[in-house]
2 protein chains.
Amino acid sequence: MSGAEPAEAPEERSFLSAAEAAALERELLEDYRFGRQQLVELCGHASAVAVAKVFPLPALSRRQRTVLVVCGPEHNGAVGLVCARHLRVFEYEPTIFYPTRSLDLLHRDLTTQCEKMDIPFLSYLPTEVQLINDAYGLVVDAVLGPGVEPAAAGGPCTRALATLKLLSIPLVSLDIPSGWDAETGDGDADDGLRPDVLVSLAAPKRCAGRFSGRHHFVAGRFVPEDVRRKFALRLPGYAGTDCVAAL
Amino acid sequence: MSGAEPAEAPEERSFLSAAEAAALERELLEDYRFGRQQLVELCGHASAVAVAKVFPLPALSRRQRTVLVVCGPEHNGAVGLVCARHLRVFEYEPTIFYPTRSLDLLHRDLTTQCEKMDIPFLSYLPTEVQLINDAYGLVVDAVLGPGVEPAAAGGPCTRALATLKLLSIPLVSLDIPSGWDAETGDGDADDGLRPDVLVSLAAPKRCAGRFSGRHHFVAGRFVPEDVRRKFALRLPGYAGTDCVAAL
């Protein structure tokens with residue numbers, strides 16, 4: 001290209017690569033001085049709001065209000081813990097399965113908040129799929145985020161993912177369907193989890209292009225306009241004071 | 001009372017004394033392990049939502065969308081900084097006056113977030129009241145919370161309060177009208193700030209009984225049910241996923 005041409009804005013896109021998603025998070029944490037506690041709270045709250053949009057409480061029977069939230073040991077799991085707390089506040093009946101606990105202080109505090117609010121924690125996940133289908137109205141998958149290998153999450157999480165694949169009740173994945181390659185989603189979209197609802201945190205990752213469920217939300221209203229522009233992100237408009245937008 | 005009588009639940013009330021409010025906050029921070037960052041984020045977000053409920057963006061002219069947020073050096077001011085950020089995200093045009101800056105890391109980070117999002121900070125507040133009435137659609141008072149003496153906030157805050165008293169544009173106070181005695185509101189309700197909107201954080205303080213403005217909200221959906229019961233609080237029902245409720 002000739003240097004004489006006017007500087008052109010990069011073409012906007014709807015998805016971030018794994019490296020871009022990590023860079024965006026660094027920008028928020030380091031340049032904007034967002035705290036991890038703050039971001040996890042915003043993402044977890046928005047995830048619970050997305051669940052409530054798809055499964056509004058008044059439309060559910062008492063049994064359908066029960067939500068199994070499966071949390072991994074990393075960032076995604078912390079968002080799951082916050083999501084469970086807000087679901088409780090919205091009068092759903094969450095139960096948490098959080099088999100590989102992080103020693104991180106933030107995770108421990110979020111766990112205490114849930115425990116003190118009398119949210120039950122399962123000590124193991126039944127392998128009999130029908131038991132889970134019968135006991136819960138839906139499942140929130142907060143096991144693995146982008147760039148976290150299933151092996152790193154430990155055996156109980158890997159086994160939980162194998163169980164989640166077999167469920168017939170609705171599945172809501174936070175950020176990416178756990179176990180998918182954030183970049184490609186190759187193969188995973190067929191062999192891996194097939195969530196009904198995907199809540200992309202901050203912005204959709206590339207693999208979300210292969211998501212074929214019914215509802216895709218983005219929970220990234222907190223992303224400053226300058227950051228959105230820097231990453232040439234095309235994001236949906238958020239209505240009113242909504243913290244999530246449907247894609 | 002005879003010991004044979006059944007234990008009776010304490011009578012529920014709508015307001016907390018200053019000591020009770022401090023005890024409730026301690027309970028959240030120490031027992032429930034909420035982080036200050038987390039609580040300030042929840043309160044500031046809910047405050048911005050309350051502003052948007054009373055002054056919905058589509059009903060405002062461009063000039064009316066300008067909001068002056070006056071922040072003190074303590075907790076109340078931190079909530080104001082978060083409120084300003086969310087107002088920006090909701091497409092209002094906040095400007096911040098934050099004359100006595102806290103050295104606290106949380107305040108500094110919240111300030112950076114606002115600065116990086118291009119929210120203007122005033123270096124002084126015009127004493128000519130008409131200039132403020134002309135330049136802004138409304139003012140958010142996040143100067144002083146319960147138990148903070150005006151003297152402790154420093155001269156610029158005291159002078160700002162004197163100016164706020166004279167404004168004719170709508171005034172929204174966070175938690176308590178700045179300068180009021182949280183306990184009694186005595187005299188203050190006549191001589192002090194007279195906000196149009198009051199957003200009680202966590203739960204209303206006693207002085208809110210003397211509030212005579214148009215809209216009173218409580219932003220305390222995050223208060224766990226057990227804590228509400230322990231403090232025998234009668235709180236309004238929150239609808240759907242709303243983070244504030246009108247009283």
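Checking each of A/R63, A/R88, A/R65, A/R62 against A/E93 for a side chain to side chain donor-acceptor pair (under 3.5 Å) leaves exactly one that passes, namely A/R62. The side-chain contact (heavy atoms from CB on, under 4.5 Å) test with B/H107 singles out one residue from B/D104, B/L110, B/L103, and that residue is B/D104.
For the pair A/V82/A/C43, no side-chain contact is recorded, criterion being any heavy-atom separation below 4.5 Å from C-beta on.
Across B/D118, B/L28, B/D109, B/T112, the residue that shares the most heavy-atom pairs under 4.5 angstrom with chain A is B/D109. Between chain A and the residues B/H86, B/R221, B/R108, the most heavy-atom pairs under 4.5 angstrom are made by B/R221. Contact count against chain A (heavy-atom pairs under 4.5 Å) is highest for B/Q38 among B/Q38, B/H45, B/E225, B/E115. Per-residue counts of heavy-atom pairs under 4.5 Å with chain B were compared for A/F90, A/Y238, A/F222; the largest is that of A/F90.
Contacts between A/E41 and chain B at a heavy-atom distance below 4.5 Å involve the side chain alone, from C-beta outward. Contact of A/L42 with chain B is made through the side chain alone, with heavy-atom distances under 4.5 Å. Contact annotation for A/L105: only side-chain heavy atoms (C-beta onward) come within less than 4.5 Å of a heavy atom of chain B. Contacts between A/R85 and chain B at a heavy-atom distance below 4.5 Å involve the side chain alone, from C-beta outward. The parts of A/D31 that come within reach of chain B are both its backbone and its side chain, each placing non-hydrogen atoms under 4.5 angstrom from that chain.
Using cut-offs of 30° and 60° on the angle between ring planes, the pair B/Y98 and B/F121 is tilted.
Between B/E20 and B/S17, the side chains place a donor N or O and an acceptor N or O closer than 3.5 Å (distance only, hydrogens not considered). Between the side chains of A/Q64 and A/S61, at least one donor N or O lies within less than 3.5 Å of an accepting N or O.
Taking NZ from B/K205 and OG from B/S14, the interatomic distance works out to 13.0 Å, rounded to the nearest 0.5 Å.
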